[in-house]
Amino acid sequence: MSGVIVTNPPKAELKDVDALAGFGVATVSEAMGRTGLLGPGIRPVQQGVRVAGTAVTVLGWPGDNLMIHAAVEQCGEGDILVVTTTSPCTDGLFGELFATALKQRGVRGVVLNTGIRDTQELRDMGFAAWSRAVSPQGTVKATGGSVNVSIAIDGQVVNPGDVVLADDDGVVVVPRERVRETAEQSAAREAKEAATRAAFVDGQLGLDRYGLRETLQRLGVEYRTYEEHQERGA
């Protein structure tokens with residue numbers, strides 16, 4: 001496998017990235033029309049952490065972390081490293097030593113479509129990580145790959161410079177051209193949800209606030225008393 005290392009790709013502006021970091025993954029995905037999510041198999045190794053950063057992408061070989069070493073040089077302040085392989089891999093491609101090098105360069109976290117190890121050490125040092133699996137299985141450094149090229153994880157394309165937002169719920173990718181627009185839409189959605197939350201605190205039901213009684217009626221869903229239900233032999 002040959003490859004390429006692309007240097008200095010365009011990235012979303014950090015002020016826009018930081019604005020997006022104020023919102024949860026679910027909110028941002030909903031704001032983009034329920035798009036951008038990586039699959040539910042990508043899970044955090046910590047809890048209570050949310051990070052957003054610009055993607056530095058890696059396409060490597062299963063069981064081989066050579067291209068992660070190459071990617072470290074391309075990482076800088078505000079980035080998130082995003083790693084996948086040419087075929088499924090759960091080996092521990094990433095651990096505490098990589099995190100130490102990346103943290104020194106201002107990298108905010110890592111998202112791996114592979115395995116990860118040294119999870120306790122990562123939590124202790126406060127380096128945020130999401131991965132497909134946790135495994136102590138070691139790797140080699142023997143096969144070429146690519147850095148800062150378009151990759152796909154769970155059918156979601158991640159381009160270098162896109163914004164990656166991750167929290168306890170999972171990971172969402174926002175195309176760099178849509179970051180500011182998505183932050184504005186996310187703010188509007190949060191305002192709407194705040195109004196709904198206040199209504200629920202006051203006792204309003206979702207059935208009424210969302211007009212769902214009409215939906216139930218249209219679908220033929222009936223209300224019956226217990227006695228009526230028993231008489232009909234349910």
Side-chain angles (χ1 to χ4, degrees), residues 12 17-18 20-30 32 34-60 62 65 67-68 71-72 74-75 78-85 88-103 105-137 139 147-148 150-176 179 182 186:
V17 176
D18 292 340
L20 204 61
F23 307 102
V25 164
T27 295
V28 169
S29 176
E30 293 277 1
M32 291 195 299
R34 301 191 302 279
T35 63
L37 290 172
L38 303 192
I42 306 290
R43 301 303 306 153
V45 303
Q46 68 285 308
Q47 289 291 302
V49 174
R50 180 192 296 160
V51 297
T54 45
V56 173
T57 60
V58 176
L59 178 62
N65 66 6
M67 298 315 296
I68 299 179
V72 171
Q74 305 306 316
C75 289
D79 285 335
I80 289 182
L81 187 66
V82 185
V83 179
T84 193
T85 48
C89 172
T90 58
D91 296 343
L93 266 64
F94 185 97
E96 177 263 337
L97 291 178
F98 272 137
T100 299
L102 290 175
K103 190 172 184 179
R105 301 177 76 87
V107 174
R108 296 177 175 180
V110 65
V111 174
L112 297 135
N113 191 29
T114 67
I116 197 170
R117 62 184 187 177
D118 302 335
T119 56
Q120 184 62 59
E121 288 83 355
L122 295 178
R123 287 189 290 271
D124 289 344
M125 66 187 293
F127 190 82
W130 286 254
S131 70
R132 174 75 59 185
V134 174
S135 173
Q137 178 62 50
T139 59
V147 175
N148 279 332
S150 297
I151 61 174
I153 299 176
D154 296 329
Q156 174 62 48
V157 175
V158 185
N159 294 304
D162 286 349
V163 173
V164 175
L165 174 70
D167 63 16
D168 289 348
D169 289 342
V171 182
V172 65
V173 178
V174 182
R176 66 181 180 84
V179 174
T182 300
S186 297

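Residues Val147 and Met67 share a closest heavy-atom pair of CG2-O, 3.8 Å. Residues Ser131 and Ala133 share a closest heavy-atom pair of OG-O, 2.9 Å. Between Val49 and Ala128, the closest heavy-atom pair is CG1-CB, 3.9 Å. For the residue pair Gln74 and Val56, the shortest heavy atom distance occurs at O-CG2, 4.1 Å. For the residue pair Val157 and Asp162, the shortest heavy atom distance occurs at O-OD2, 4.4 Å. When all heavy atoms of Gly170 and Trp130 are compared, the pair lying nearest together is O-NE1, 4.1 Å.
Residue pairs meeting the salt bridge (charged side-chain N to carboxylate O under 4.0 Å, His left out) criterion with at least one partner in residues 109-132, sequence neighbours excluded, are Arg132-Asp154.
Within the 4.5 Å cutoff, the side chain of Phe94 has heavy atoms near those of the Leu102 side chain. With contacts defined as side-chain heavy-atom distances shorter than 4.5 Å, the pair Val17/Thr54 qualifies. Using a 4.5 Å cut-off on side-chain heavy atoms (C-beta onward), Leu122 and Gln46 make no contact.
The CG atom of Leu112 lies 8.5 Å from the CD1 atom of Ile153; values are rounded to the nearest 0.5 Å. Here Met32 contributes atom CE and Leu37 contributes atom CG; the two are 7.0 Å apart, rounded to the nearest 0.5 Å. How far OG1 of Thr114 is from CD1 of Ile68: 6.0 Å, rounded to the nearest 0.5 Å. One distance of note links CD of Gln156 with CD1 of Ile151; it measures 10.5 Å at 0.5 Å rounding. Here the OG1-CG distance, from Thr85 to Asn65, works out to 12.0 Å after rounding to the nearest 0.5 Å.
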Would you check, one step at a time, whether the test side chain to side chain donor-acceptor pair (under 3.5 Å) holds for Ser150 with Asn159? CA-CA 5 Å; Ser150 297; Asn159 294 304; 2.4 Å; yes

